[in-house]
Amino acid sequence: MTIRLAVLVACLVGLMAARAGAVEVKEVTTPLGLKAWLVEDRSTPVVALSFSFAGGSASEPDNRKGVTNLAATLLTDGAGPLDAQAFRLRQQDAAASLGFSASSDRLSGSLRVLSANRDEGFELLRLALTQPRFDADMVEQRRAQVVAALNQANQRPGSVAARTLMTTEFAGHPYAADPDGTPDDLKKLTPANLKQRAAALLMRSGLIVAAVGDIEEADLARLLDSAFGALPPGTPAVLPPDWQPPVKPHTIVIERPVPQSTALMALPSITRDDPDWYVALVLNHILGGSGQQSRLFTEVREKRGLAYGASSSLRSYRKAALLVISTASANERVAEAIRVVRGELARLRTDGPTEQEVTDAKTYLSGALALSLDSSGSVASLLHSMQVDNLAPDHLTKRANLIAAVKIDDVRRLARRLLREEVLTTVVVGKPVGITADPQ
């Protein structure tokens, strides 16, 4: 990371409050009415764009699961007069990198291009958005790749556990479906289905854009209109229904002939717009989000040697949220590892954290964000995520204060609210000894 970009990042996260005025998140409105956030950075001759459209795999028709992800993959496999090979060569010639992906809630894309070639990079983006080809040969090639990946994932205990956790925790909700679909789903998809799905999502309504790099407001506005302006205004996809969290515990065991079992546990959590979000970050950090300093790592790995690691993370969706705990242990010891995890959940819920744990968590969280922002692309991605979360452009200047405001009583209160074993879902994949699964 260059020195100037490092200063940019530090200012963004409020670590250099005295110089915060040197960096401005500009809100750009184009002649066609498109809106974007821009941070100008002249330290490198690069422009990075992060953008997304409302609607993801959760809004797919039941008979076309996997269509959003496959369509996203194919958007750069030929567009307009360019077949897949010609499109790749044009990217290489422009020193541009363009890609798309799909999540449960949004279809996302990114562009990185040398500032000298930005007109060409945005022209390739325009073609991908407005004239994707979905040529039959590329559809078959990408379909085969996804099917092969799904088959391979079905042989990996970690992947099986992750998929089973989603289908169990979100049973009856669109989030339960695999964004990649199933082999049977994918075999039914036609180029016409893919074109229809792309047309349903690629629209100006619900579009979110962030840009970072060597570009001025006027030039960005012009290029955004050239790339996105031809898209229809449209109406964003209907949001998924509200999720009804489980009201009782579940234990699922999937047998696989492996010497080590993978275990995932999940609890309903809070979404990004919850007022307790930063309290949740502190709680998760103490529980299992801080690596070797966390309670789970200490109890499972350091004290008992039951696993190489144990961790927790927060997952936030538009209509749901989870606190997910993961570990893996020998088949003969995984039951003990799970008991230790459950014991720590109960202890943290009952006794709460210590003052030192809360202080250490806040210190780390206040400074950790800057460590992940090592390029213009990562900063653009952050600014894009902030817009998805309906945060203000100046939110990063307030982040440290929001974290500092978290009190030990807040963490204790949230621990009592979230860490409830009576709604804990546990998935174990392997040949675990001493674990009783729910009756089928």
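Nothing fancy with the numbering, it's 1 onward along the sequence.
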Separation between CG (Leu419) and CG (Leu287), nearest 0.5 Å, reads 6.5 Å
Short side-chain to backbone donor-acceptor contact, Asp389 and Leu391, under 3.5 Å:
no
Heavy-atom check, side chain of Leu129 versus side chain of Phe53, under 4.5 Å:
yes
Look only at the side chain of Ser329 and the backbone of Leu306, and say whether a donor-acceptor pair between them is shorter than 3.5 Å.
yes
Determine the interplanar angle of the His395 and Tyr278 rings, folded into 0 to 90°, and report it as parallel if under 30°, tilted if 30 to 60°, perpendicular if over 60°.
parallel
Over all atoms of both residues, closest heavy-atom pair of Ala210 and Ala380:
CB-O, 3.5 Å
Is the shortest side-chain heavy-atom distance between Asp360 and Gln293 below 4.5 Å?
no
Taking atom CG of Leu314 and atom CZ of Arg272, what is their separation to the nearest 0.5 Å?
10.5 Å
Under the side-chain contact (heavy atoms from CB on, under 4.5 Å) criterion, do Asp276 and Asp410 qualify, and how do the steps go?
CA-CA 8 Å; Asp276 276 333; Asp410 297 325; 5.5 Å; no
Short question: side chain of Arg304, backbone of Glu299 - any donor-acceptor pair under 3.5 Å?
yes
In plain terms, say whether Asp93 and Arg90 are close enough for a salt bridge, that is, a side-chain N and a carboxylate O under 4.0 Å apart.
no
Regarding Gln145 and Arg142, is there a side-chain donor-to-acceptor distance under 3.5 Å anywhere?
yes
Side chain Ser366, main chain Lys362, donor-acceptor under 3.5 Å
yes
Between Asn151 and Asn154, is the side-chain contact (heavy atoms from CB on, under 4.5 Å) condition met? List the steps.
CA-CA 5 Å; Asn151 290 334; Asn154 196 44; 5.7 Å; no
How about Val47 and Leu49: do any of their side-chain heavy atoms sit closer than 4.5 Å?
no
Is a donor on one side and an acceptor on the other found under 3.5 Å between the side chain of Asn331 and the backbone of Val258?
yes
Any Leu165 side-chain heavy atom under 4.5 Å of Val427 side chain
yes
Parallel, tilted or perpendicular: ring planes of His173 versus Tyr175, cut at 30 and 60 degrees:
tilted
How long is the span from the CG atom in Leu322 to the OG atom in Ser316, to the nearest 0.5 Å?
9.5 Å
Between Leu382 and Leu396, is any pair of side-chain heavy atoms under 4.5 Å apart?
yes
Establish, from distance only, whether the side-chain atoms of Thr190 and Asn193 form a donor-acceptor pair under 3.5 Å.
yes
Flag for Asp184-Thr182: side-chain donor and acceptor within less than 3.5 Å
no
If you count every heavy atom of other residues, nucleotides or ligands that lies below 6.0 Å from Asp351 atom CG, does the total exceed 12?
yes
N-O pairing of Glu336 and Arg339 below 4.0 Å
no
Applying side chain to side chain donor-acceptor pair (under 3.5 Å), run through Thr68 and Arg197 and close with a yes or a no.
CA-CA 7 Å; Thr68 309; Arg197 184 59 177 166; 2.9 Å; yes
Is the shortest side-chain N to carboxylate O distance from Arg412 to Asp409 below 4.0 Å?
yes
Count the heavy atoms belonging to other residues, nucleotides or ligands that lie under 6.0 Å from CZ of Arg318, then report whether that count exceeds 12.
no
Closest contact, heavy atoms only, Leu296 versus Ser312:
CD1-CB, 4.3 Å
Calculate, to the nearest 0.5 Å, the distance between atoms CD and CD belonging to Gln155 and Gln152 respectively.
9.0 Å
Is the ring centre of Phe100 less than 6.0 Å from the ring centre of Phe51?
yes
Separation of Thr130 OG1 from Phe228 CZ (nearest 0.5 Å):
11.0 Å
For Ser269 and Leu418, what are the C-alpha separation, side-chain angles and deciding distance, and is it a side-chain contact (heavy atoms from CB on, under 4.5 Å)?
CA-CA 6 Å; Ser269 185; Leu418 297 184; 4.1 Å; yes
Between Leu107 and Leu202, what is the shortest heavy-atom contact and its length?
CD2-CD2, 4.4 Å
For Arg347, is there any backbone N or O sitting under 3.5 Å from a side-chain donor or acceptor partner on Thr350?
no
From CG (Leu323) to CG (Leu424), nearest 0.5 Å:
9.5 Å
If I compare all heavy atoms of Thr271 with all of Ala321, which pair ends up nearest, and what's the gap?
N-CB, 3.7 Å
Glu120/Val113 under side-chain contact (heavy atoms from CB on, under 4.5 Å): CA gap, chis, key distance, verdict:
CA-CA 9 Å; Glu120 173 69 357; Val113 62; over 6 Å; no
Walk me through whether Ser326 and Ser311 qualify under side chain to side chain donor-acceptor pair (under 3.5 Å).
CA-CA 6 Å; Ser326 63; Ser311 62; 3.2 Å; yes
Is any side-chain heavy atom of Leu127 less than 4.5 Å from a side-chain heavy atom of Leu82?
yes
Side-chain contact, heavy-atom cut-off 4.5 Å: Ile338 with Val428?
yes
Decide if atom CD of Gln85 counts as having more than 12 heavy atoms of other residues, nucleotides or ligands within a radius under 6.0 Å.
no
Flag side-chain contact, heavy atom, 4.5 Å: Asp185 against Asp178:
no
For atom CZ of Arg64, is the number of surrounding heavy atoms from other residues, nucleotides or ligands below 6.0 Å larger than 12?
yes
So, Thr167 side chain and Thr164 main chain: donor-acceptor pair closer than 3.5 Å or not?
yes
Using modelled atom types only, decide if a donor and an acceptor are shared between the side chain of Gln260 and the backbone of Gly430 within a distance under 3.5 Å.
no
Is it true that a side-chain atom of Arg112 and a backbone atom of Ser97 form a donor plus acceptor pair closer than 3.5 Å?
no
If every non-hydrogen atom of Arg295 is compared with every non-hydrogen atom of Pro353, which pair is closest and at what distance?
NH2-CA, 3.7 Å
For Gln91 and Leu98 the tightest heavy-atom approach is OE1-N, 2.9 Å
Would you confirm whether Glu421, through its side chain, and Arg342, through its main-chain N or O, come within 3.5 Å as a donor-acceptor pair?
no
Are the charged groups of Asp438 and Lys248 less than 4.0 angstrom apart, N to O?
no
Pair Arg133 + Asp135, salt bridge at N-O below 4.0 Å
yes
